[in-house]
Protein chains: 2
Amino acid sequence: MTRVLLVDDDATLLRALSINLKARSYDVQAALTGAAGLLLAAKQPPDLVVLDLGLPDMDGTDVIAGLRGWTQVPILVLSARDGQAAKVAALDAGADDYVVKPFGMDELLARMRAALRRAAGEQGQPVVVTPDFTVDLAAKRVERDGVEVRLTATEWHLLELLARHANRTVEHRRLLEQVWGPAYVDQANYLRVYIAALRRKLEPDPRHPRYLITASGLGYRFDA
Amino acid sequence: MTRVLLVDDDATLLRALSINLKARSYDVQAALTGAAGLLLAAKQPPDLVVLDLGLPDMDGTDVIAGLRGWTQVPILVLSARDGQAAKVAALDAGADDYVVKPFGMDELLARMRAALRRAAGEQGQPVVVTPDFTVDLAAKRVERDGVEVRLTATEWHLLELLARHANRTVEHRRLLEQVWGPAYVDQANYLRVYIAALRRKLEPDPRHPRYLITASGLGYRFDA
DNA sequence: GGGGTGCGTCAAGAAGCCATCAAGACCGGC
DNA sequence: GCCGGTCTTGATGGCTTCTTGACGCACCCC
């Protein structure tokens, strides 16, 4: 299910949006402040963020920067300000779209669909195949010799991240940020433990990994 | 250079846009009709399409469909119609953004940048190629004769820095500061040791380097 | 020719990183 | 409250990588 994070200090609007989105089978999370929004996003990375710029606790562009520091999630900005300068600032800070309040619900939904469609397109093929196992990113399943491999939630997050960047080294920081959250960027221990688990479950010879490659000092790479 | 295709039947607006974009170093192509636009796009695929919906020869959504049939290029729609239905129709047909005329030039440019930024993210960063090896900056990988060359973290940082400034001499201070930190700006020893390591691993004849060139007294240069 | 400077090479000890294991904490279902 | 699985955390040993100093060479200036 598509997870949407709403950040807006106007509780009435928040509720209206929330109801509308839930009725359309989105998985909705809501925050009233920028700080709460960033925290929620870190805990459970959303597929789309709808962000009101007029928050009481933080400047809107700072919230955008806080997200862009570690994720490429589409950000759709809402704002009462119609000036060009505000729009340019938000878009250049990393927002994907800018909608002026008051807005029509149908338009907002269409813009959300457009943003999600683009983001989905980026993810590429949903299945990664190797001679020894296959990773089905859409179904969240891993098969080896025709048998499903049972992965824990954390193992899956890590494998998914690596598989989506197959053949590219992903840095320690990035892995830790995406799987455990921004607070864990220097807990490299976690990576070792879970990479080891994945190797045990997937590699033909866990002692000499062929797919989950260590880039010493840099990160790990999934070679397809 | 970024190629932009403008499709609009209003010749005045077309010229104004064109001048503005060219001044910002975009490579601009213009079409007055939907048919001409589709033809141009097919001939020389653009990086971004700016499309006026009110064309004389075709319905706007048909132009969008004609593009979406074979390309994921970002489409930014211009329209005089401000109704929600028109926006929803265009966005759901495959447009990425919808700007109502009259619009501010700064806003349009910011929305173009946002669309291009997203599209660029999909492709990944550049690769530096030489006759003897290739440096993939995004994947953090180096290949030589089709075989991966194993680099340590420090070796990679140094090579990356040089590759990103290919064909330009980078000063000792700068290299040391970026790779080892500001406290090491006069530890020129480190550079010798690690440049030597890179030459051993990458140069066809490490004794007579062809790519990692010493600029005596100044710094080093990566010749591509 | 002599002294100085910058560069390339080498090697050995120090330091850091990685794989692995295991024990305790935590959390869910029953 | 118990039990199984999962997550966190710390300790260990092996290995890679980094740091450091020494040496030789080429070049330049005097």
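First the proteins, then the strands, lettered A, B, ... as listed; each starts at 1.
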Requested in this report: Mind checking A/Ala153 for me? I need base, sugar-phosphate or nothing, with any heavy atom below 4.0 Å counting as a touch.
Outcome: sugar-phosphate
Query raised in the report: In whole Å, what is the span from the CG atom of B/Leu158 to the P atom of D/dC18?
Result: 11 Å
Requested in this report: Answer yes if the ring centres of B/Trp180 and B/Tyr194 are under 6.0 angstrom apart, and no otherwise.
Outcome: yes
**Report entry** Euclidean distance, atom CZ of residue A/Arg150 to atom P of D/dC7 [Å, nearest integer]
**Finding:** 11 Å
Query raised in the report: Reading DNA chain C 5' to 3', which nucleotide is the first, and which the last, to come under 4.0 Å of any heavy atom in chain A?
Result: C/dC17 to C/dC21
Query raised in the report: In terms of the angle between their ring planes, are A/Tyr184 and A/Tyr190 parallel, tilted or perpendicular, with boundaries placed at 30° and 60°?
Result: tilted
Report task. Could you point out which residue of B/Val129, B/Val149, B/Thr134, B/Asp136 forms a side chain to side chain contact (heavy atoms under 4.5 Å, CB included) with B/Glu143? Result -> B/Thr134
Query raised in the report: At how many degrees, to 10°, do the end axes of the helix from C/dG1-D/dC30 to C/dC30-D/dG1 meet when each uses five pairs?
Result: 40°
Requested in this report: Please work out if A/Tyr220 contacts a base, only the sugar-phosphate, or nothing of the nucleic acid, heavy-atom cut-off 4.0 Å.
Outcome: sugar-phosphate
Query raised in the report: Of the nucleotides D/dC7, D/dT9, D/dT19, which one has an atom closest to the side chain of A/Tyr190?
Result: D/dT9
Query raised in the report: Does A/Lys140 offer a backbone N or O that forms a donor-acceptor pair with the side chain of A/Glu160 under 3.5 Å?
Result: no
Query raised in the report: Between atom CZ in B/Arg192 and atom P in D/dG24, what is the gap in whole Å?
Result: 16 Å
Query - Distance, rounded to the nearest Å, where B/Leu151 contributes CG and D/dT16 contributes P - result: 16 Å
Query - Between P of D/dC18 and CD1 of B/Ile195, the distance in whole Å - result: 14 Å
Query raised in the report: Can you check whether A/Val4 reaches A/Gln29 side chain to side chain, under 4.5 Å on heavy atoms?
Result: no
Query raised in the report: At under 4.0 Å between heavy atoms, what does B/Arg200 touch on the DNA or RNA strands: base, sugar-phosphate, or nothing?
Result: nothing
Report task. Quickly work out the B/Glu155 CD to D/dT19 P distance and round it to whole Å. Result -> 12 Å
Query raised in the report: Which part of the nucleic acid, if any, lies within contact of B/His172, taking any heavy atom under 4.0 Å across all strands shown: a base, the sugar-phosphate backbone alone, or nothing?
Result: sugar-phosphate
